[in-house]
Amino acid sequence: MRRARPFPSRREALSLMTLAGCLLTAIPMEGQSAAKPRFRFITLDPGHFHASLVQKFMNPDVDTLVHVFAPASDDVTQHLLRIEAFNKRPDKPTHWAEDVYTGKDYLERMLATKPGNIVVIAGNNARKTEYIMRSIDAGLNVLADKPMVRTPADLVQLQKAFKTAQAKHVLLYDIMTERSEVTTQLQRELSLRLDVFGTLTKGTADQPAISKESVHHFSKIVAGAPLKRPEWFFDVRQEGEGIVDVTTHLVDLVQWEAFPNVTLSTADVHMVHASRSATPVTRAQFKQVTGADDYPAYLQRDVKDDALQVYSNGSMDYTLRGVHARVSVKWNFEAPTGTGDTHYSVMRGTKASLIIRQGAPQGYKPVLYVERAPSVDSATFTTALTVAVRELAKRFPGVTIRPEGAAWVVVVPAALDVGHEAHFGQVTDRYLGYLRAGSMPAWEVPNMLVKYATIMKAYEMSGAK
């Protein structure tokens, strides 16, 4: 164990990772209360940048000292550098200090010492379900990134983990950031207005009642800097197939919007069709985002036509309590200049459709449209929508509407459009609120299990291995 300055340089960080562990001494947070914060984070094997985004902002109820347990690798180095960047940014800098242990027995050391009460897990998914189960068995709360399972065998372990969590009175929760996206929240709120939306249609296989489509990119900017991806991220046997990764968010939103606050069961789900496909990544592209000159040995079997074939794309069509739903995820290597990840979402009601578009006409920012059904009187609908948005503005200050062709656009002020990275703090705050209350809403745990069971049905039907 070695004491170091609060944060190492890149060269020092790489050197420190060769040791069994390192201690980054704490920096007192200005104005911090002498009372001991009730929550203490443990970061376990951080390999995904989502692990750092949980700490992008401070929380007065969370200790500034965070304990990290991980194998010595570039993954943990990159994690420390991201935290360092948060601490050094000129606008609202954070004040985290990291106590890092990188011995080979990192998991056993964490379980033996338990220096915190919340384990944050966001990294290589190959051991994620095991990490969750071991942490819960030790009586620790867990905040886990998606997906919590990669395979049907993992789902069995997750089911056991939730039962153990209930017995030990700890909370297991996954990081569903998309519930915090403001246009999605407004889409859900308007769908609850009978005078505006009517009721959700059942839809058909060709025209589902609710659809979620998402496009992501391997090369992107995170926290103001080019994202360096670990090599294992491109191995679906470690990261997980595309049909079980980002789809977690989309299946979650289908449940959350179509059946708000309703406890679902796996019997409510019927999988109709599922498919998968690969995105080719050239050696030059692989080097651009990982820094590696060639694909590692464990990826050579996935090389075809001199490019790595990454099964990062997936789609599924299914019914949930008889409502037709479609979920689709696609990964490209890099977005065209000035663009980024995109999201498309539609909910079809008997009086209106609520559609989120995020393409070129929207400046690649999500925009919510309200399209009146032809059978609904225009004047009556306009009055109902105006009243509904005026009432929503009490909770979403500054939200208005304006006509655009035959549709209405829900105008969201910049103050409410906080961006994807800030949503991690919002999810964390929600989770801490559950911990203070000692419980989550009754539907949360059952619906998490339904969500992952749905995804596993799609995984099996798609032919994924």
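Predicted, not measured: the structure shown is a model, and the values here were computed from it.
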Under the salt bridge (Lys or Arg N to Asp or Glu O under 4.0 Å) criterion, do Arg395 and Glu189 qualify, and how do the steps go? CA-CA 11 Å; Arg395 287 186 291 136; Glu189 292 296 328; 2.8 Å; yes

Report yes or no: do Gln362 and Tyr369 form a side-chain donor-acceptor pair below 3.5 Å? yes

Taking NZ, NE, NH1 and NH2 as the nitrogens, is one of them in Lys220 or Glu421 under 4.0 Å from a carboxylate oxygen of the other? no

Heavy-atom distance under 4.5 Å between the side chains of Phe233 and Asn125, does that happen here? no

Rounded to the nearest 0.5 Å, what separation is found between the OG atom of Ser52 and the NE2 atom of His79? 6.5 Å

Check whether any side-chain N or O of Asn141 sits under 3.5 Å from a backbone N or O of Leu171 as a donor-acceptor pair, and report yes or no. yes

Can you measure from CD (Gln207) to OG1 (Thr201) and round to the nearest 0.5 angstrom? 7.5 Å

Taking the six-membered ring for Trp, are Tyr318 and His270 closer than 6.0 Å centroid to centroid? no

Closest contact, heavy atoms only, Glu334 versus Ser219: OE2-OG, 3.5 Å

Measuring from Glu257:CD to Leu190:CG, what's the distance to the nearest 0.5 Å? 10.5 Å

Where the side chain of Glu241 meets the backbone of Ser312, is there a donor-acceptor pair that is under 3.5 Å apart? no

Can Glu130 and Lys128 be said to form a salt bridge (Lys or Arg N to Asp or Glu O under 4.0 Å), step by step? CA-CA 5 Å; Glu130 175 197 354; Lys128 182 177 284 179; over 6 Å; no

If you look only at pairs with a residue in residues 298-310, which of them pass as a side-chain hydrogen bond (donor to acceptor under 3.5 Å, both in side chains), with sequence neighbours excluded? Arg237-Asp302, Arg283-Asp306

Apply salt bridge (Lys or Arg N to Asp or Glu O under 4.0 Å) to residues Glu181 and Lys365 and explain how you reach the verdict. CA-CA 11 Å; Glu181 206 286 313; Lys365 300 284 286 183; over 6 Å; no

Walk me through it: do Ile121 and Asp45 pass the test side chain to side chain contact (heavy atoms under 4.5 Å, CB included)? CA-CA 7 Å; Ile121 304 174; Asp45 196 3; over 6 Å; no

Quick check: does any side chain N or O of Thr282 sit under 3.5 Å from a backbone N or O of Gln285, one acting as donor and the other as acceptor? yes

For a 4.5 angstrom cut-off between non-hydrogen side-chain atoms, does Leu432 reach Asn59? yes

Of the non-hydrogen atoms in Gln255 and Asn447, which two are nearest, and what is the gap between them? NE2-O, 3.1 Å

Begin from the C-alpha positions of Leu250 and His343 and carry the test side chain to side chain contact (heavy atoms under 4.5 Å, CB included) through to its verdict. CA-CA 10 Å; Leu250 307 185; His343 176 71; 4.1 Å; yes

If you define the side chain from C-beta out and look only at heavy atoms, does anything of Phe69 sit under 4.5 Å from Leu107? no

Give the C-alpha distance, both sets of side-chain angles, the deciding distance and a yes or no for salt bridge (Lys or Arg N to Asp or Glu O under 4.0 Å) between Arg38 and Asp63. CA-CA 8 Å; Arg38 73 179 75 184; Asp63 200 311; over 6 Å; no

Starting from the C-alpha separation in whole Å, work towards a yes-or-no answer on side chain to side chain contact (heavy atoms under 4.5 Å, CB included) for Leu140 and Val170. CA-CA 6 Å; Leu140 294 165; Val170 294; over 6 Å; no

Checking the side chain of Asp174 only, and the main-chain atoms of Ala144 only, is there a donor and an acceptor separated by less than 3.5 Å? no

Any side-chain heavy-atom pair from Phe333 and His217 closer than 4.5 angstrom? no

I need the minimum non-hydrogen distance between Thr248 and Pro147, along with the two atoms involved. OG1-CB, 3.7 Å

Derivation of the side chain to side chain contact (heavy atoms under 4.5 Å, CB included) call for Asp154 and Tyr452: CA-CA 10 Å; Asp154 289 340; Tyr452 285 109; over 6 Å; no

Would you say Asp235's side chain and Trp232's backbone share a donor-acceptor pair under 3.5 angstrom? no

Please confirm whether the ring centroid of Phe218 lies under 6.0 Å from the ring centroid of Trp331. yes

Going by heavy atoms in the side chains, are Lys160 and Met133 under 4.5 Å from each other? yes

If you draw the axis of the six-membered ring of Trp256, does the NZ or CZ of Arg188 fall within 45° of it and under 6.0 Å from the ring centre? yes

In this structure, CD of Glu371 is separated from CZ of Phe381 (nearest 0.5 Å) by 9.5 Å

Can you see which heavy atom on Glu178 is nearest to which on Leu253, and at what distance? CB-CD1, 3.8 Å

Once rounded to the nearest 0.5 Å, what's the spacing between atom CG of Leu354 and atom CD of Gln187? 5.5 Å

Minimum heavy-atom distance Thr129-Leu158, with the two atoms named: CG2-N, 3.9 Å

Establish, from distance only, whether the side-chain atoms of Ser275 and Ser315 form a donor-acceptor pair under 3.5 Å. yes

Strictly distance-based, threshold 3.5 Å: is any side-chain N or O of Lys114 a donor or acceptor partner for the main-chain N or O of Ala138? yes

Heavy-atom side-chain contact between Ser180 and Arg430 under 4.5 Å: yes

Could you tell me whether a side-chain N or O of Thr350 sits under 3.5 Å from a main-chain N or O of Thr199, the two making a donor and an acceptor? yes

So which of Lys451, Lys146, Lys212 actually passes salt bridge (Lys or Arg N to Asp or Glu O under 4.0 Å) with Asp252? Lys451

Side chain to side chain contact (heavy atoms under 4.5 Å, CB included) partner of Arg193, the single match among Val387, Leu385, Val389: Val387

Validation row: Arg229, Phe49 side chains within 4.5 angstrom (heavy atoms): yes

Counting neighbours of CD on Gln166 that are heavy atoms of other residues, nucleotides or ligands and sit closer than 6.0 Å, is the number greater than 12? no

Would you call the rings of Tyr106 and Tyr131 parallel, tilted or perpendicular if under 30° counts as parallel and over 60° as perpendicular? perpendicular

Would you call the rings of Phe286 and Tyr295 parallel, tilted or perpendicular, where under 30° means parallel and over 60° means perpendicular? perpendicular

In Asp377, Thr382, Thr383, the residue satisfying side-chain hydrogen bond (donor to acceptor under 3.5 Å, both in side chains) with Thr380 is Asp377

Would you give the length of the straight line joining atom NE2 of His216 to atom OG1 of Thr279, rounded to the nearest 0.5 angstrom? 12.0 Å

Looking at every non-hydrogen atom in both residues, tell me the closest pair between Met456 and Thr151 and how far apart they are. SD-C, 3.1 Å

Applying salt bridge (Lys or Arg N to Asp or Glu O under 4.0 Å), name anything that partners Asp145, two or more places apart in sequence or on another chain. none

Indicate yes or no for a side-chain donor-acceptor contact from Arg372 to the backbone of Val376 under 3.5 Å, with no hydrogens or angles considered. yes

Ionic contact status for Lys228 with Asp74, cut-off 4.0 Å: yes

Could you tell me whether a side-chain N or O of Gln358 sits under 3.5 Å from a main-chain N or O of Asp341, the two making a donor and an acceptor? yes

Is the shortest heavy-atom distance from the side chain of Thr183 to the side chain of Asp417 under 4.5 Å? no

